[in-house]
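Just so it is clear: chains get the letters A, B, ... in the order the sequence lines come, proteins before strands, and each one is counted from 1.
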Amino acid sequence: MIVTETTPARIARIGFLGLWLVITIFPLYWIIVTSFKAPGDIFSYPLQYWPAEFSFENYVQLFEKADFGTYVVNSLVVSTAAATVATLISLLSAYVLARFEFRSKSAILMAFLVTQMIPTFIALGPLYLLMVDLGLVDDRFGLMLVYVAVCIPFCTIMLRGFFANIPDALEEAAMIDGCSRIGALFRVIVPVMKPGIVAAFIFNFVNCWNELFLSVTLMNKDENKTIPTALNGFITSFNIDWGSMSAAAVLTILPTMLLFAFASRYIVQGLTAGAVKG
Amino acid sequence: MTTVEERPPTRAGAPAPATPAPAPRRRRAFTTRRGLVVAAFMLPAAIFVGVFIYYPMLAGSQMAFRHWNLSNLTDTSWIGLQNFATIFADPAFGVILGNSVLWVVASIVPQLVIGFALALWLRRKFRFRGLYQALIFFPWAISGFLIGILFRWMFNGEFGVVNDLLMKTGLIDQGIPWLAQPDTAMFAVIIANIWYGVTFFAIMILAALQSVPDELFEAAALDGAGKVRTLFQITIPYISTTLALTVLLRVIWIFNFPDIIWAMTGGGPANQTHIITTWMITFTQKGDYGVASALGLIVVGLLLVFSAFYLMALRGKKEVSS
């Protein structure tokens, strides 16, 4: 910016940014600290802002009592598979929507946008019945199919934004040089779009990893639950075991945080390119 | 299709073929081929979205007009508007509608203001800006449900850190059972939602700000415009479209966002933190999909009306100003 900053303005800026950073970080700090407290210390008074002794007891309980490992595996398998398939399919549809003019184009885009605005709960009942008919209730493959469908609309819109930033001339040149359209797409465009594709994949993964209500509806047996479903089970039981709950929260946040730290720049870019839903 | 003859692609700079193919036929062949590519590339996405999103949504919509309860599936007869009548007759409905509006407005206004301030200040380059952005953007990567759990623990009446901090700073004398009393419970869930949603506004506004040409600010500075004037007469008008659309999308999204409330209070105490979508979940859990679907349609209707008015107001404003 051109305007030089006065001292009060500088103090105001640093103060505000600093305060917001503290506000943002604190809840996370608090849940991490809680997860490492010995079970007795969690409910001790005065509150300990730093654990008197670091204990892994909560984590051990989580894996011994709650079979948390199974939930982690379920979440990992379903989220990774769904995010991969959804990204591939969206890549094709986004390419067509970015590069071609055809009659139903605006209708398709509108149909995708509308899915972002209607509460999913309206679909839960019929979806459950549909999955019963397909024999896919309590099946990780079934949940994956549904997640793919849920990811596609936003992912398509997001990737379409990235395609718009790549000049047509690039694939035209490749096709003139003898590439097929598919060849041009995968050999020339995809490498250039890598940041966008990574962002789209991570976005899909995080969405599936965090999804609650669909998996609650479709996964009934304990061995099929994903992490959010399991947490939902913890919370509806009358007394919440805050130690295990904190440990579970930390383990749930960790993978998405790592991914996010790795690719936050691309995700911000992708969000603003797609600009529909947080 | 295989009989369609296609001209071999010419290398750039190569002389044009002497006899071009007859124009109408080439044109038709060209569009059919393109049509096939479009269809083939769109098909997988269309199938997934059609089968797993649109079909259940439409099927769900007609459930709103049927008796549809998991407890008695032999009777799924058409009952017209009876599910809607059940909803409107429930004294809780008025309260819950009011809560929904409060939830949206009280969440979105602070999100917009704080997000705008963050974006304005993040526009200036400073050391560790990248790291700072990554840190304050992190709430986005956490599920709303988990954020609800985080804040439920912090607002815990006995061992909550919020009470502890407020007592340490002398603002209150004794702990407040935040989530157990109606007024404070609503306040607490809204605080959690503000915390979560600021990031999205900051990202969108920052991106919009980066599209404002520097020359505009230079011109404003030359004309002697102060900071506040520059903000209201240049920056905000320039990004008004992005701002307006972001607000519209967020209103829709927050209205449909039960996760935080679900994890923090489950709608309690005594329905006082229910919004329409959390209420809808309770009906789903009771197996009463008829009433739940009717509520879903009410949500869609409200949002459609709101969007239409909002967009009309925007357009009216633009016409006046131009």
Side-chain angles (χ1 to χ4, degrees), chain A residues 1-3 13 16-17 20-21 23-25 27 30-31 34 43 47 89-90 92-93 95-96 100 102 115 117-119 121-127 130 145-146 148-149 152-153 156 175-176 181 206 210 212 228 231 235 242 245 249 252-253 256-257 260-261 264 268 271-272 275-278, chain B residues 9 11-12 34 37-38 41-42 44-45 48-49 52-53 56-57 59-61 63 117-118 121 123-124 134-143 145-146 149-151 153-154 159 161 164 200 203-204 207 214 217-218 221 249 252-253 256 259 263 277 280-281 284 289 292-293 296 299-300 303:
Chain A
M1 269 186 128
I2 326 97
V3 192
R13 173 170 63 91
F16 182 81
L17 291 180
W20 190 254
L21 183 65
I23 291 175
T24 310
I25 298 290
W30 191 243
I31 206 88
T34 306
F43 302 106
L47 296 188
I89 292 179
S90 305
L92 296 178
S93 51
Y95 174 73
V96 164
F100 290 81
F102 52 99
T115 62
M117 300 175 185
I118 296 176
F121 317 102
I122 204 169
L124 280 183
L127 190 63
L130 175 71
L145 289 180
V146 175
V148 168
I152 284 175
T156 299
M175 281 166 70
I176 287 170
R181 191 171 286 281
V206 169
N210 288 337
L212 170 66
L231 291 184
I235 217 164
W242 278 109
M245 188 59 123
T252 312
I253 295 171
T256 53
M257 286 300 300
F260 189 67
S264 65
V268 170
L271 265 182
T272 48
V276 182
K277 174 181 170 184
Chain B
R11 287 202 166 260
R34 282 172 67 98
V37 172
V38 168
F41 279 29
M42 274 313 304
F48 268 98
V49 175
F52 293 109
I53 297 185
M57 267 184 190
S61 306
M63 274 184 181
L118 277 174
W121 273 317
R123 196 169 176 272
R124 183 183 284 271
L135 285 173
I136 64 155
F137 286 168
F138 95 79
W140 172 84
I142 306 175
S143 73
F145 179 69
L146 213 68
I149 293 176
L150 248 65
F151 277 82
W153 176 228
M154 297 212 312
F159 303 97
V161 69
D164 195 56
F200 188 83
I203 293 174
M204 297 301 293
D214 276 343
F217 293 115
E218 277 166 39
L249 291 167
I252 292 169
W253 201 75
N256 280 331
D259 307 40
T277 38
M280 197 173 155
I281 298 170
T284 314
Y289 284 98
S293 301
V299 170
V300 174
L303 290 176

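- Ring geometry for A:F100 versus A:Y95: interplanar angle over 60°, hence perpendicular rather than tilted (30 to 60°).
- Formation of a donor-acceptor pair under 3.5 Å by the A:T256 side chain with backbone atoms of B:I142 is not found in this model.
- Of all the listed residues (B:I252, B:L146, B:T277, B:D259), the one sharing the greatest number of non-hydrogen pairs under 4.5 Å with chain A is B:L146.
- With sequence neighbours left out, the salt bridge (Lys or Arg N to Asp or Glu O under 4.0 Å) criterion links A:R13 to A:E5.
- With sequence neighbours excluded, the residues satisfying side chain to side chain donor-acceptor pair (under 3.5 Å) with A:S93 are A:T156.
- For A:W242 and A:F43, the ring centers are positioned 6.0 Å apart or more.
- If you tally non-hydrogen atom pairs under 4.5 Å between each of A:L127, A:V206, A:I31, A:L47 and chain B, the highest count goes to A:L47.
- At a 4.5 Å heavy-atom cutoff, the contact between A:I118 and chain B is made by backbone and side-chain atoms alike.
- With contacts defined as side-chain heavy-atom distances shorter than 4.5 Å, the pair A:M245/A:I235 qualifies.
- Residue A:I152 touches chain B through its side chain alone, counting heavy-atom pairs closer than 4.5 Å.
- For a residue to count as touching a neighbouring chain, one of its non-hydrogen atoms must lie under 4.5 Å from one of that chain's; by this rule B:L303 touches chain A with the side chain only.
- Within the 4.5 Å cutoff, the side chain of B:M280 has heavy atoms near those of the A:I122 side chain.
- In this structure, no portion of B:A292 lies under 4.5 Å from any heavy atom of chain A.
- For B:M57, the parts lying under 4.5 angstrom from a heavy atom of chain A are both the backbone and the side chain.
- For B:F138, the parts lying near chain A are the backbone and the side chain together; criterion is any non-hydrogen pair under 4.5 Å.
- Heavy atoms of B:L118 lying under 4.5 Å from chain A belong to its backbone as well as its side chain.
- One N or O on the side chain of A:N210 and one on the backbone of B:A141 form a donor-acceptor pair closer than 3.5 Å.
- Looking only at heavy-atom pairs under 4.5 Å with chain A, the residue among B:L150, B:V38, B:I53, B:V161 that has the most is B:V161.
- When heavy atoms are compared at a cutoff of 4.5 Å, B:V299 approaches chain A solely by way of its side chain, counted from C-beta outward.
- Of the listed residues (A:L124, A:T252, A:I89), the one with the most heavy-atom contacts under 4.5 Å to chain B is A:I89.
- Looking at B:F159, the atoms closer than 4.5 Å to chain A (heavy atoms on both sides) sit in the backbone and in the side chain alike.
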What verdict does the side-chain contact (heavy atoms from CB on, under 4.5 Å) test give for A:L21 and B:L135, after you've listed the backbone C-alpha separation in whole Å, the side-chain angles of each residue and the deciding distance to 0.1 Å?
CA-CA 7 Å; A:L21 183 65; B:L135 285 173; 3.8 Å; yes
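- Distance CZ/A:F121 to CD1/B:I281: 4.5 Å, rounded to 0.5 Å.
- Most heavy-atom pairs under 4.5 Å with chain A, from the set B:V49, B:D164, B:V300: that is B:D164.
- Both the backbone and the side chain of A:I25 come within contact range of chain B, each with at least one heavy atom under 4.5 Å from a heavy atom of that chain.
- For a residue to count as touching a neighbouring chain, one of its non-hydrogen atoms must lie under 4.5 Å from one of that chain's; by this rule A:F102 touches chain B with the side chain only.
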